[in-house]
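Data first, discussion second: the structure below is written as structure tokens.
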Amino acid sequence: GAFPMTITKTVLKETVLAKTISATLPVRLSGQVGAIAVAALLASPLAWSHGSVTPQAVDIKDLERLGDEWREENPYRDHPQQELAIDIGARAYNSNCAACHGLEAKSGGIAPDLRELENGAWGDEWFKELVTNGAERNGRVLMPRMSDYVSQEGLWAIRTWLETVSMETTGQ
């Protein structure tokens, strides 16, 4: 017989909001074909949750330029442009990082939860290492070198925003 099956897909937008699309379809399944179809539908949210990882441009026109040499620590922390960097960083995170690291930096398990990144110089060192070198395991790219796609200013703006949602800042 037929039974209703709900298929849900979350679509990331350039804001902090996510739009969820649901559809309930009558499905008639039998035997091996039915088992394969159910397995595919159960696995598909894993593929959908990763989203598009095509790097997006970050508008940094109003931020102080940092030059070609990478800074060792976040130059926008305790800086007159810190609030601007936070705003730019939030938008840049949503369009470049949220597909893997989760909305509001709350990971769904695909990639590390960036709220756990320590504030300050030690966290800056870890952040800089990963955004400039990426991450690989057994020859498989887990995270691209984001510095190939996003400027130093854009990446430090993301780091500035991350400190506002960190577990250390929010007391979690």
Working for side-chain contact (heavy atoms from CB on, under 4.5 Å), residues Asp124 and Trp156:
CA-CA 9 Å; Asp124 290 350; Trp156 283 122; 3.9 Å; yes
Check for me, please, whether Val131 and Val141 land in the same ILVMFWY cluster - side-chain distances under 4.5 Å, paths through other members count.
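No, separate clusters.
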Would Met167 and Ile86 show up in the same hydrophobic cluster when neighbours are defined by side-chain heavy atoms closer than 4.5 Å?
no
When you measure from the side chain of [X] to the backbone N and O of [Y], does any donor-acceptor pair fall under 3.5 Å?
X      : Y      : answer
Ser95  : Arg91  : yes
His101 : Pro112 : yes
Glu168 : Asn119 : yes
Asp87  : Gly89  : no

How many angstroms lie between [atom1] in [X] and [atom2] in [Y], if you round to the nearest 0.5 Å?
X      : Y      : atom1 : atom2 : value
Cys97  : Ile158 : SG    : CD1   : 4.0 Å
Leu130 : Glu125 : CG    : CD    : 11.0 Å
Glu83  : Thr164 : CD    : OG1   : 9.0 Å
Cys100 : Leu114 : SG    : CG    : 10.0 Å
Trp161 : Gln82  : CH2   : CD    : 14.5 Å
His79  : Leu84  : NE2   : CG    : 10.0 Å

Side-chain heavy-atom pair [X], [Y] within 4.5 angstrom cut-off:
X      : Y      : result
Phe127 : Leu162 : yes
Pro144 : Met146 : yes
Ile88  : Leu63  : yes
Thr170 : Gln172 : yes

Locate the shortest heavy-atom distance separating [X] from [Y]; write the atom from each residue and the value.
X      : Y      : answer
Val165 : Arg115 : O-CG, 3.4 Å
Pro75  : Leu66  : CG-CD1, 3.6 Å
Gly134 : Arg145 : N-CG, 3.6 Å
Gly102 : Tyr93  : O-OH, 2.6 Å
Gln152 : Gly67  : NE2-O, 3.1 Å
Glu129 : Thr132 : O-OG1, 3.5 Å

Arg159 with Glu163: basic N within carboxylate O range, under 4.0 Å
yes
Going by the salt bridge (Lys or Arg N to Asp or Glu O under 4.0 Å) test, which pairs reach into residues 62-72, not counting sequence neighbours?
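Those involving residues 62-72 are Glu72-Lys128.
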Given side-chain contact (heavy atoms from CB on, under 4.5 Å), test Ser166 with Leu117 step by step and report yes or no.
CA-CA 7 Å; Ser166 74; Leu117 182 59; over 6 Å; no
Go through the steps for Val58 and Ser151 under the test side-chain contact (heavy atoms from CB on, under 4.5 Å), then give the verdict.
CA-CA 8 Å; Val58 176; Ser151 69; 5.6 Å; no
In sequence, state the C-alpha distance, the side-chain angles, and the governing distance for Asn96 and Val150, and then conclude on side-chain contact (heavy atoms from CB on, under 4.5 Å).
CA-CA 9 Å; Asn96 288 291; Val150 178; 4.2 Å; yes
In short, ring-ring contact (aromatic ring centres under 6.0 Å, His included) pairs touching residues 129-152 with sequence neighbours left out are none
